[in-house]
Asks: 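Structure provided below as C-alpha cells; questions to follow.
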2 protein chains.
Amino acid sequence: MQEHEKLFKQYLEKKGLKLTSPRRFILEAAFNLHEHFNAEELYVSIKAITSGISLATVYRTIPLLMEAGLVQHAVRSDGRERYEHIYGHPKHIHWLCRKCGALTETDLSTLSPAIEVQAKGMQFCAEEIELSIRGLCWKCKSIDNENQIDER
Amino acid sequence: MQEHEKLFKQYLEKKGLKLTSPRRFILEAAFNLHEHFNAEELYVSIKAITSGISLATVYRTIPLLMEAGLVQHAVRSDGRERYEHIYGHPKHIHWLCRKCGALTETDLSTLSPAIEVQAKGMQFCAEEIELSIRGLCWKCKSIDNENQIDER
DNA sequence: ATATTAATGCAACTGATTCTCATAATTAGG
DNA sequence: CCTAATTATGAGAATCAGTTGCATTAATAT
Ligand SMILES: [Mn+2]
Ligand SMILES: [Mn+2]
Ligand SMILES: [Zn+2]
Ligand SMILES: [Zn+2]
C-alpha cells in the first residue's frame, strides 16, 4: 500500500469512516494527475480506468482528501474550484496569467520562514498556505506593450 | 471628486466606457464597506442608500472595479467570491480559521520583496497577490487540544 | 436637437455543487 | 458464517451564485 493510501485510511479510521473502493479509486486518480484538476476532470480520469463511480462521490470525497492533508486548493480559474495533490510535494507559488491562462509554479520555501514567524506570533496553526499571483506573463505583457505602441 | 472615483473614471474612459450613476454608487458602496464583501452584500449596502440599482449591474461592475485596480479578491468563504477595496490599503495576508471562521489580517510587506524578486526573474507583471492561510486560530486550536485530552 | 453607442433592469437561464433517498457495501458481534 | 447496525453509494432532483438576452434608457459626440 502506498504511503498516501495509508495516510488516507488512517485519517478515515480516526473519523469512523471507511476506506471503500470508490474512495480508493478517487485517491489514486488524484495522485495520478500531475496538474491541477477540478472535480469533473478528476471524475473523467477515473472513468477511463473504471466505471460505476459517480460524480457525486467524487464531490463527496474531495473534502475528505483535503482534510486528510493529501489534496489542497489550487488557483481558482474559470469560476471553478481546482485542486492538486500535495503529499510529498513542496509548497509552491502559483503565477496565473489573466490573459493566456498560463500557470507557472515557483518555490515557496524562501518565503515560508517569514510566514511561520507570523503564524507563531499569533499562535495560528496553518494548515493550507495559498499564494496566488495574478497578472501578465512576460509574453502577454510584451503583446500589451506592442498594442500601446500601435495605439499612439 | 475622491481619488478612487477619479481613477475609476480614468480607467473607464481609457476603455471607452461611461461613468454612470449606478457605477458611481457601486464604487462608493465598495469603499464604504470596510470589511470583505460579496456581490450581494454590496448590493444590499447600496439599497440602503438608493433604489433602482440591480444586482445584475453590481455583478457587471465588480470586474470593472477589479480591472481598475480598486477592488481585489479576498479569501473565498461559504463557496462565494468575496472582495475588498484596496486603493489606499497596504497589501496584507489573510488568516482564516476553518472552524470558527475568524479572519485576521497581517502585514504582507515583509514578504513582498522576495515575491518581487521572483516576479522580476520570470518577467511576470504581478497585478494581484493573494496570500491566504487556512487553519486553526489559537482559540479553536486549544479547544481541539482539550478534546484530544478528553478522548484519552 | 439628433444620432450613436454603451448601460441598465428585469427575468430567464446556466452550470457547478449539494442534497435526497432508496439501495448496497462494510463492519462488529454472536 | 449469519445478522444487525452503520456508513457509503449512484442517480437524479434541487439549489443558487453568477451570467445573459433583450427591450428600454442614459450618456456622449456632433
Ligand atoms: Mn500547483
Ligand atoms: Mn483583507
Ligand atoms: Zn500570458
Ligand atoms: Zn477559530
Side-chain angles (χ1 to χ4, degrees), chain A residues 1 5 8-30 36-47 49-68 71 73-83, chain B residues 1 5-6 8-30 36-47 49-68 71-83:
Chain A
M1 205 196 278
E5 194 170 323
F8 193 32
K9 185 160 195 238
Q10 203 171 306
Y11 167 80
L12 291 170
E13 274 171 2
K14 202 176 68 191
K15 290 271 172 178
L17 306 176
K18 296 161 186 172
L19 178 53
T20 60
S21 155
R23 283 178 182 162
R24 226 190 301 256
F25 273 112
I26 294 164
L27 170 68
E28 288 315 314
H36 299 178
F37 54 86
N38 61 32
E40 193 156 10
E41 287 162 355
L42 184 56
Y43 170 65
V44 167
S45 84
I46 292 161
K47 265 209 302 204
I49 304 291
T50 186
S51 64
I53 288 176
S54 77
L55 182 55
T57 299
V58 172
Y59 272 109
R60 283 189 279 237
T61 303
I62 289 171
L64 299 176
L65 294 171
M66 294 181 75
E67 286 157 27
V71 160
H73 274 125
V75 227
R76 223 180 133 65
S77 78
D78 308 316
R80 303 190 66 165
E81 299 287 352
R82 298 186 73 77
Y83 309 91
Chain B
M1 204 196 279
E5 193 170 323
K6 216 176 286 176
F8 192 33
K9 185 159 198 238
Q10 203 171 309
Y11 166 80
L12 291 170
E13 274 171 1
K14 202 177 68 191
K15 290 270 172 177
L17 306 176
K18 295 162 186 171
L19 178 53
T20 60
S21 155
R23 284 179 181 161
R24 226 189 301 254
F25 273 111
I26 294 165
L27 170 68
E28 287 316 313
H36 298 179
F37 54 86
N38 62 31
E40 192 157 9
E41 287 162 355
L42 184 55
Y43 170 66
V44 166
S45 84
I46 293 162
K47 263 208 304 203
I49 305 292
T50 185
S51 65
I53 288 176
S54 78
L55 182 55
T57 299
V58 172
Y59 272 110
R60 282 189 279 237
T61 303
I62 289 171
L64 299 176
L65 294 171
M66 294 180 74
E67 286 155 28
V71 160
Q72 205 185 40
H73 274 125
V75 227
R76 223 178 132 67
S77 79
D78 308 316
R80 303 189 66 162
E81 299 287 353
R82 298 187 72 79
Y83 309 91

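Just the heavy atoms: all of them, side chains too, but no hydrogens, waters or symmetry mates, feed the values below. If you're wondering where the values come from, they're calculated on a predicted model, not measured in any experiment. The chains referred to below are lettered A, B, ... by the order of the sequence lines, with proteins before strands, and numbering in each begins at 1.
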Asks: Counting just side-chain N and O atoms, does B:Arg60 come under 4.0 Å of either OP1 or OP2 of D:dG18?
Replies: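 Result: no.
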Asks: Tell me what A:Gly79 touches on the nucleic acid: a base, only sugar-phosphate, or nothing, going by heavy atoms under 4.0 Å.
Replies: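 No contact.
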Asks: What's the spacing between B:Leu55 CG and B:Lys47 NZ if we round to 0.5 Å?
Replies: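 Interatomic distance, B:Leu55 CG to B:Lys47 NZ, rounded to 0.5 Å: 8.5 Å.
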Asks: Closer to the 5' end of DNA chain C via nearest nucleotide, is it B:Thr61 or A:Glu81?
Replies: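 Nearest nucleotide further toward 5': that of B:Thr61.
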Asks: In terms of ring plane angle, is the pair A:Tyr83 and A:Phe37 parallel, tilted or perpendicular, where the classes change at 30° and 60°?
Replies: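 Plane angle between 30° and 60°, so tilted.
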Asks: Can you tell me if B:Arg23 uses its side chain to pair, donor with acceptor, with the backbone of B:Thr61 under 3.5 Å?
Replies: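 No; zero donor-acceptor contacts below 3.5 Å.
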Asks: Where each residue is assigned the nucleotide of DNA chain D containing its nearest heavy atom, which of A:Leu12 and B:Arg76 is assigned the position nearer the 5′ end?
Replies: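 The residue mapped nearer the 5' terminus is A:Leu12.
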Asks: Would you kindly give the CD1-to-C1' distance between A:Ile62 and D:dT9, to the nearest whole Å?
Replies: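 So the CD1-C1' distance, A:Ile62 to D:dT9, works out to 16 Å.
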Asks: What's the CZ-C1' distance between B:Arg23 and C:dA7, to the nearest Å?
Replies: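 Rounded to whole Å, this separation is 6 Å.
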Asks: What integer distance in Å separates A:Ile53:CD1 from D:dT9:P?
Replies: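 Answer to the nearest Å: 9 Å.
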Asks: Tell me whether the OP1 or OP2 atom of C:dT18 has a side-chain N or O from A:Tyr59 closer than 4.0 Å.
Replies: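 For C:dT18, OP1/OP2 do not have a side-chain N/O of A:Tyr59 under 4.0 Å.
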Asks: Given B:Glu41, which partner from the list B:Arg82, B:Arg80, B:His36 fulfils the side-chain hydrogen bond (donor to acceptor under 3.5 Å, both in side chains) test?
Replies: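 That would be B:Arg82; it is the only one of B:Arg82, B:Arg80, B:His36 passing the side-chain hydrogen bond (donor to acceptor under 3.5 Å, both in side chains) with B:Glu41.
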Asks: Take the protein atom CD1 of B:Ile46 and the nucleotide atom P of C:dT8, then report the distance between them rounded to whole Å.
Replies: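 Roughly 11 Å, once rounded to whole Å.
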Asks: Between D:dA29 atom P and B:Leu17 atom CG, what is the distance in whole Å?
Replies: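 Going from CG in B:Leu17 over to P in D:dA29 covers 13 Å.
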Asks: Nearest heavy atom decides the nucleotide; on that basis, is B:Pro22 or B:Tyr83 closer to the 5' end of DNA chain D?
Replies: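 Upstream on the strand: B:Tyr83.
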Asks: Which nucleotide in the list C:dT26, C:dA16, D:dG10 gets nearest to the side chain of A:Thr20?
Replies: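 It is C:dT26.
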Asks: Check the distance between C:dT17's C1' and A:Asp78's CG and give it to me in whole angstrom.
Replies: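 Spelled out: CG on A:Asp78 to C1' on C:dT17 is 16 Å.
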Asks: Looking at C:dT27, does its base get a donor-acceptor pair with the side chain of A:Lys18 below 3.5 Å?
Replies: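 Checked by distance alone, the answer is no.
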Asks: OP1 or OP2 of D:dG18 sitting under 4.0 Å from any side-chain N/O of B:Arg80?
Replies: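 Yes, B:Arg80 has a side-chain N/O under 4.0 Å of OP1/OP2 on D:dG18.
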Asks: Roughly, in whole Å, what's the span from NZ in B:Lys9 to C1' in D:dA27?
Replies: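 Atom-to-atom, B:Lys9 to D:dA27, this comes out as 11 Å.
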Asks: Distance from A:Ser45 atom OG to A:Glu28 atom CD, nearest 0.5 Å?
Replies: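 Here the rounded value is 11.0 Å.
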Asks: Rounded to whole angstrom units, what separation is found between the CG atom of B:Asn38 and the P atom of D:dG18?
Replies: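 Distance check: B:Asn38 CG to D:dG18 P gives 7 Å.
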